[in-house]
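See structure below.
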Amino acid sequence: MIVTHKYKLKPSESQEKIILNWITMLRSHYNYCLRDRIEAYEEVKTPRLGEYCNLRTKAHCTPLTCSVSKNSNLGEPFKNNGKKRNAYEQQSSELPSLKKSHPWYKAIHSTVLQQNLRRLDKAFQNFFDGGRGYPKFKKRHQFKSFSYPPNQVKVEGDKIYLPSIGWMRMYLSRPLREGFEMRSVTIRQKADGFYVAIQLEDKTIPQIQSIDLIQVKSVLGVDCGARPHKLLALSNGENIPNPQYEKRLAKRKTLRQRRASRKKRGSNNQRQAFRELARLDQKIVNQREDYQWKLAHKLNRISDVIVMEDLNIQGMIRKCKPKQNENGHFVKNGQSAKKALNRLIRDCSWGELKDKIRQVAEKFGRIFLEVNPKYSSQTCSHCGFKDKKNRHKESFLCLNCGTPADADTNASITLAKRGIKKLGIGLDTLLGVTQEVTGTPEATGASNRDTSEALASEPTNPLQLSLFEWMNGRVIGC
């Protein structure tokens, strides 16, 4: 079993300078090795023979041969036994030469430099295996951390020892788990200080396996929204409110941005103003993460299976294509109206919320599933009739069977049914009983929900009992 604990550090002024210098040098080393791997691959793909000028450095070069390895031009491509090194091993063999040519890198612990190369190698592995984006050069605000490998860091009470930095205190918000061995340790800089993330592992405790499909008793469909009163619409009729933390502090953020822009460029007052602005952004992130973690635990407590829509969030917030008239002049394309929607979507942070729900589901042995959301808001959850005229803003009324419902709740029920179909679970065998109850109060106008005695006696959450509002003329609760 692997867990991670995060603590805030209390370094001295000298230790803060060391950490900041390390981050700066490691970022330069990361970008230098990334450039080397790109150039090595390009030289193998299109060898440069004869005299030429390097477009990046504008230097006149005359290579005698092409590159031996497509991984890197640094280090030795072969081991002593004749075997070929991979990209990480090849660049790692160049570290002694780097410290000779750049003596200031001797201040950084050798294992930290090696972990920096592993970070770059991991980025390439994610690109080739996981389909993620190609590794990019890191800017100052994108590179804020470094890591130690296992068995390098020591912890005694509320003190931690970092090699080549020394002992420092930390806020021990919770004790380290007994019986767990320390794995990687990551130091990260944030707007309000420095933090350490300690990864612990206990091999005697097995990882929790997901629940068997035979034991599934409740399925929860979740539809994402961006309205203030509806961040998530659940298939049990409950709506999760959207706190909109960024919108709450938008006015204060605007004032601090205005103050920072009016300061003298490069002055201490301007740096202090930008630090206050960064702390405000960090406060928004902390509030959002705390709310999302609590919400993720709540959803996993009330359901065995959570079904969410597989959204293309990057495509949703992409800018509109420019439009031109017959004369070639640019005309309005709706981007100004879409700008506010894009801001709301970013504030909701659906992607991070999904990741947290997935992590908590793996922790408690629940099943997390994503399905195609196409036409889910236009399809009736009762009869399956699909028509865009079924929905009008937040109201839903099926033109085929006349079933009224909340539009987002109807979509969440449709998503839940698609998830059940994808898992291969039978609706009739999900509970083993069939009950008839009335619709939701929002749909019928009733003040109280009518439930059967059999459903009310189920041990699960009462709100979860109304998962499927309509199915073939009857209501099935979970």
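Quick note: numbers below take in every heavy atom, side chains included, and nothing from hydrogens, waters or symmetry partners.
- Under 4.0 Å is where a charged nitrogen must lie from a carboxylate oxygen, and between Glu394 and Arg227 at least one such pair does.
- Annotation: Tyr7 is not in aromatic contact with Tyr171 [ring centroid separation under 6.0 Å not met].
- Listed by first and then second residue, the salt bridge (Lys or Arg N to Asp or Glu O under 4.0 Å) pairs involving residues 196-211 are Arg183-Glu201 (not counting sequence neighbours).
- Although no hydrogens or angles enter the test, the distance criterion places a donor-acceptor pair under 3.5 Å between the side chain of Lys354 and the main chain of Glu309.
- Residues Tyr30 and Phe137 place their aromatic rings such that the two centres sit no closer than 6.0 Å.
- Taking Asn286 as the reference, Gln282 meet the side-chain hydrogen bond (donor to acceptor under 3.5 Å, both in side chains) condition, with sequence neighbours excluded.
- A donor-acceptor contact shorter than 3.5 Å links the side chain of Ser267 to the backbone of Lys264.
- By the side-chain hydrogen bond (donor to acceptor under 3.5 Å, both in side chains) test, Asp290 is found to be paired with Lys294, residues two or more places apart in sequence or in another chain being considered.
- Between the side chain of Gln152 and the main chain of Leu162, no donor-acceptor pair closer than 3.5 Å is present.
- Partners of Asn333 under the side-chain hydrogen bond (donor to acceptor under 3.5 Å, both in side chains) rule, at least two apart in sequence or in another chain, do not exist in this structure.
- Annotation: side-chain hydrogen bond (donor to acceptor under 3.5 Å, both in side chains) contacts of Asn116 (sequence neighbours excluded): His29.
- A cation-pi arrangement, defined by a distance under 6.0 Å to the six-membered ring centre and an angle within 45 degrees of its axis, is present between Lys190 and Tyr195.
- In this view, Trp293 satisfies the ring-ring contact (aromatic ring centres under 6.0 Å, His included) rule with no residue, not counting sequence neighbours.
- Within a 6.0 Å sphere centred on NZ of Lys298, other residues, nucleotides and ligands contribute 12 heavy atoms or fewer.
- With respect to Asp121 and Arg118, no salt bridge is recorded, no charged nitrogen being found less than 4.0 Å from a carboxylate O.
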